[in-house]
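Whatever order the structure lists them in is the order used to number ligands and atoms, beginning at 1.
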Amino acid sequence: YHAKKKGNSYLFFNDTMNRQAVKRLQIENLMRFGLKEDHFEVYYQPKMNIRTGKFTGMEALVRFITPKKGIISPGVFIPIAEETGQIIEIGEVVLNKSCRDVKEWLDAGLFNGRVAVNLSAKQFSLPDLTTRIDVILQKNELPSYFLELEITEGTVMDDPQDAISIMRSLSARGIHLAMDDFGTGYSSLAYLKQFPLNTLKVDKAFIDDMKTERGRNMVDSIVTIAHNLDLHVVAEGVEQADQITILKELNCETMQGYYYSKPLSKAEFTVFLEKQQSESALSLVHQA
Ligand code: C2E
Ligand code: MG
Ligand code: MG
Ligand code: MG
């Protein structure tokens, strides 16, 4: 038995797995170094009101910019950071920089909406989560009104009752809560009703699927359920004009995607905000 088990585990640890383990370790080390050297930056992707075509807010998305390996995608490093626990420190950097940037734009009179920051499951279940968030908001002199947190179904369905009380304490501070990637995880409608959410973000997979009638019906149903629960709907990953036409018909109010803008660096986003401001000033002149 012993020999067989030993033999199996040896067979299991083949070359591919070995290479994967090495790569993971490399990324873990890069992240440790990156945290020390400030290699994590925040990009911002604007969201647009579908009815008016106007800019309404943005999502903060982390970028790991390494001097040697270039930009490493969140899809690659976030799952590893989740496992090693480094996501807690990375998440804190993102939250801090997002609040700092929004405060700057607010003071410059360029923005007065919310920034949506992704919160990982590990962060969400920290016993002192609300204190940590309060500290970051205070440090940056940013009222909680300007913050929205995006969480996924997996994060809240692990222990729904506990999640409800955490969400309530965030919500009581005026922080908005969004359910991210809705439809890709598992969550029950019974809980969806109980969670103190403000926004439901329909995953890109459903938006892509609107090419078919069944796919459109699906998004139609999701939007209807969301509206019945008084939730605001954001369509994720909108890339084409005809998707916007359909979303408008389905009464989805907000969109985010490459069609409107890709995620922008802080400098690029500042230029974007300045352009927004001059455009709205121009439209006021035309109205007068
Ligand atoms: P997400 O929160 O669902 O973010 C949306 C992702 O879709 C972003 O990928 C964004 O760049 C991408 N996207 C937006 N519009 C389009 C489009 O029209 N087409 C396509 N193909 N993609 C689009 P990104 O920045 O690579 O982030 C991937 C995921 O990594 C995020 O998905 C989120 O789950 C996670 N993530 C990103 N930043 C953070 C963070 O600061 N903390 C945590 N915990 N997770 C983060
Ligand atoms: Mg998100
Ligand atoms: Mg999402
Ligand atoms: Mg998504």
Is the closest N or O pair between [X] and ligand 1 shorter than 3.5 Å?
{"X": "Y258", "result": "yes"}
{"X": "I78", "result": "no"}
{"X": "Q256", "result": "no"}
{"X": "S73", "result": "no"}
{"X": "Q123", "result": "no"}
{"X": "E239", "result": "yes"}

Please state which part of [X] comes within less than 4.0 Å of ligand 1, counting heavy atoms only: side chain, backbone, both or neither.
{"X": "V94", "result": "side chain"}
{"X": "K204", "result": "side chain"}
{"X": "V238", "result": "backbone"}
{"X": "K201", "result": "neither"}
{"X": "E236", "result": "side chain"}
{"X": "D181", "result": "side chain"}

Problem - Over all atoms of both residues, closest heavy-atom pair of K201 and D180 - result: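 Smallest heavy-atom distance, with atoms named: CD-OD1, 3.9 Å.
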Handout entry: salt_bridge(K97, D38) N-O dist < 4.0 Å
Key =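 Yes, charged N to carboxylate O under 4.0 Å.
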Under 3.5 Å side-chain donor-acceptor pair for [X] and [Y]:
{"X": "T224", "Y": "S221", "value": "no"}
{"X": "H227", "Y": "E253", "value": "yes"}
{"X": "Q45", "Y": "Q256", "value": "yes"}
{"X": "T199", "Y": "E148", "value": "yes"}
{"X": "N29", "Y": "R32", "value": "yes"}

Exercise for the section: Please state whether the rings of F64 and F40 are parallel, tilted or perpendicular, taking 30° and 60° as the class boundaries. Expected result: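 Rings of F64 and F40: parallel, under 30°.
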Problem - Side chain D203, main chain A205, donor-acceptor under 3.5 Å - result: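 Here the side-chain-to-backbone pair exists.
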Exercise for the section: Using a strict 4.0 Å cut-off to heavy atoms of V62, name the atoms of ligand 1 that fall inside it. Expected result: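 Contacts of ligand 1 toward V62, numbered from 1: 38 (N), 39 (C), 40 (C), 41 (O).
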Problem - Which of the ligand 1 atoms, numbered from 1, are nearer than 4.0 Å to a heavy atom of S120 - result: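 Those of ligand 1 that fall under 4.0 Å from S120 are 44 (N).
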Exercise for the section: Check whether NZ of the Lys or CZ of the Arg R114 lies under 6.0 Å from the centre of the six-membered ring of F146 and within 45 degrees of that ring's axis. Expected result: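 No, a cation-pi geometry is absent between R114 and F146.
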Practice task
Keeping waters out of it, list the protein N, O or S atoms under 2.8 Å from the Mg ion (ligand 2).
Solution key: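 Near the Mg ion (ligand 2), below 2.8 Å, one finds E59 OE2, N118 OD1, E150 OE1, D180 OD2.
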Practice task
Using side chain to side chain contact (heavy atoms under 4.5 Å, CB included) as the criterion, point out the one residue from E274, Q276, E268 that pairs with F272.
Solution key: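 That would be Q276.
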Practice task
Nearest heavy atom to atom 26 (O) of ligand 1 wins, so pick from G75, A60, G237, P74.
Solution key: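 When every heavy atom of G75, A60, G237, P74 is considered, P74 comes closest to atom 26 (O) of ligand 1.
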Problem - Proximity flag P263 to ligand 1, non-hydrogen atoms under 4.0 Å - result: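 The answer is yes: ligand 1 sits under 4.0 Å from a heavy atom of P263.
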